[in-house]
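Worksheet: one structure, shown below.
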Amino acid sequence: MAGGKMKKDKPQRGSSAAGAASNPHFQGGISFHKSKGQHILKNPLLVDSIVQKAGIKSTDVILEIGPGTGNLTKKLLEAGKSVIAVELDPRMVLELQRRFQGTPLSNRLKVIQGDVLKCDLPYFDICVANIPYQISSPLTFKLLAHRPLFRAAVIMFQREFAMRLVAQPGDPLYCRLSVNTQLLARVSHLLKVGKNNFRPPPKVDSSVVRIEPRGPLAPVNFKEWDGLVRICFNRKNKTIGSIFRQKSVLSILEKNYRTLQALQLTEKAPSDDMEMALDVSTLGETLGDLSMDDDGNDDDDMEMDDGDAKRADFKEKVLAVLKEGKFEEKRSSKLTQADFMHLLSLFNKAGIHFS
């Protein structure tokens, strides 16, 4: 307390004061739950740096996800036109409202209590957020599916997740997450954040990343795109030729091929930007834990033999596609966006689809 020292009474055993004193994650009457991803930024210089790097305009409507007690919210309100804060924890909502009640900033703050993954997001120009890390992947793709497109999102992620977002072909962390995100957005690393900048401190360091949606979207069926990328990165350090000789892969592709032949269906591109945006949102639903790509060996990954004539013909059809594009000896970990796009177009041209 400012203005001098206050004599502290020794708390009684079992009292709430004793509980607060013994709990290092208790601040201002609110206990923070690490299990819910509640790590509050406590370094004011870091907060200033994030706001400065976000490039906020005075006319911007800002979306903040997980505002907590409002340390970042205050700076965002000072920088932009208004802030829409989405917070799941009702205790934090009350704290946020109490903090700004009766101040000149209060009429420029709108608080939405709810799960950001389930609620409809309103219009915003820029998103600036320190999010619960367990929602990193689905939230990223929910934002990228949002329409109308926003200018940028500046988000605090767990460091390894952030480095996978920005990884380039050939980098050790280059994975399905990298490919799918960079298809939809330009991603750049802004700054590394040590765990001691938070209360309570998380177990790992963090990074702030800038995500700028691409527009217009690439003319691709995103379910098919993710189907191809999923297969390629399941064994990213094997050659593409080896991956597409596996029984499990050939079985899935042949089933799709026979089904489409029987139904005589022709794949078509989504008809408009909104339909494509909905298609993008399916990426987040199917990605799961994008941060991990598997390079192990399973029993069903044996190469398919040539016993059955129809299966052998289909296998040759698949390998002919790889040969045409000179992909047989290439590896997923080295392929660019253009490479994956070319490979998908060759498969589709041959009548082979991934969804």
Side-chain angles (χ1 to χ4, degrees), residues 169-170 174-180 183 218-270 276 279-280 282-355:
Y174 187 62
C175 62
R176 196 165 137 235
L177 173 63
S178 319
V179 174
N180 281 337
L183 174 70
V220 64
N221 182 310
F222 293 103
K223 289 183 180 179
E224 281 232 60
W225 170 273
D226 187 54
L228 169 65
V229 174
R230 179 193 293 269
I231 287 172
C232 290
F233 276 97
N234 194 40
R235 299 289 184 271
K236 72 175 184 179
N237 290 317
K238 285 189 176 183
T239 64
I240 298 295
S242 175
I243 290 170
F244 281 92
R245 284 184 174 88
Q246 294 170 2
K247 281 186 177 182
S248 56
V249 173
L250 286 168
S251 177
I252 292 170
L253 295 183
E254 185 178 11
K255 182 179 179 180
N256 289 347
Y257 180 74
R258 303 297 178 201
T259 301
L260 287 171
Q261 276 195 327
L263 296 175
Q264 296 182 333
L265 294 177
T266 302
E267 284 290 310
K268 65 181 182 69
M276 291 182 77
D279 212 9
V280 169
T282 64
L283 286 179
E285 295 169 4
T286 59
L287 289 175
D289 183 6
L290 277 173
S291 62
M292 299 300 160
D293 294 304
D294 191 359
D295 273 313
N297 292 300
D298 295 331
D299 293 339
D300 65 350
D301 287 336
M302 298 163 55
E303 292 188 6
M304 180 175 278
D305 58 44
D306 300 330
D308 184 275
K310 282 187 176 181
R311 288 180 178 175
D313 288 345
F314 182 76
K315 178 180 178 180
E316 290 307 312
K317 188 179 187 73
V318 170
L319 297 181
V321 169
L322 302 183
K323 186 175 181 179
E324 179 185 353
K326 299 180 180 179
F327 282 102
E328 286 180 297
E329 298 303 318
K330 294 182 179 180
R331 301 176 191 274
S332 305
S333 58
K334 305 289 178 64
L335 296 186
T336 65
Q337 295 281 330
D339 290 331
F340 283 113
M341 196 74 75
H342 182 44
L343 181 56
L344 180 59
S345 68
L346 291 176
F347 273 121
N348 287 173
K349 179 182 174 183
I352 299 171
H353 295 270
F354 293 83
S355 66

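Basis for what follows: all heavy atoms, side chains included, without hydrogens, waters or symmetry-related copies.
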Side chain of Ser178, backbone of Cys175: donor and acceptor closer than 3.5 Å? yes

Nearest heavy atoms of Asp339 and Lys334, plus distance in Å: OD2-O, 4.4 Å

Indicate the atoms forming the closest heavy-atom contact of Gly325 with Leu346, along with that distance. CA-CD1, 3.6 Å

Measure centre to centre between the rings of Phe327 and Phe347, then say whether the value is under 6.0 Å. no

Name the residue from Glu329, Glu328, Lys330 that meets the side-chain contact (heavy atoms from CB on, under 4.5 Å) definition with Leu322. Glu328

Quick one, Phe354 with Ile252, criterion side-chain contact (heavy atoms from CB on, under 4.5 Å). Give me CA distance, side-chain angles, the key distance, then yes/no. CA-CA 8 Å; Phe354 293 83; Ile252 292 170; over 6 Å; no

CA sep, side-chain torsions, deciding dist, call: Met341, Leu183, side-chain contact (heavy atoms from CB on, under 4.5 Å): CA-CA 10 Å; Met341 196 74 75; Leu183 174 70; 3.8 Å; yes

With rounding to the nearest 0.5 angstrom, report the CD to CG distance, Gln261 to Asn256. 12.0 Å

About how many Å separate CG of Asn221 and CG of Asp226, when rounded to the nearest 0.5 Å? 10.5 Å

Rounded to the nearest 0.5 Å, how far does CZ of Arg245 lie from CD1 of Ile240? 11.5 Å

Calculate, to the nearest 0.5 Å, the distance between atoms NZ and CG belonging to Lys236 and Leu335 respectively. 12.0 Å

To the nearest 0.5 Å, atom NE2 of His342 lies from atom CD of Glu324 at 7.0 Å

Keeping Tyr174 on the side-chain end and Ser332 on the backbone end, is there a donor-acceptor pair under 3.5 Å? no

Within the side chain of Lys317, is there an N or O that forms a donor-acceptor pair under 3.5 Å with the backbone of Gly351? no

Could you tell me whether a side-chain N or O of Asn348 sits under 3.5 Å from a main-chain N or O of Ser345, the two making a donor and an acceptor? no

Rounded to the nearest 0.5 Å, what's the gap from CG on Leu228 to OG on Ser355? Could you check? 11.0 Å

Is there a side-chain contact (heavy atoms from CB on, under 4.5 Å) between Val220 and Phe222 once you walk through the steps? CA-CA 6 Å; Val220 64; Phe222 293 103; 3.5 Å; yes

Sole residue of Val321, Ile231, Thr239 in side-chain contact (heavy atoms from CB on, under 4.5 Å) with Phe244: Ile231

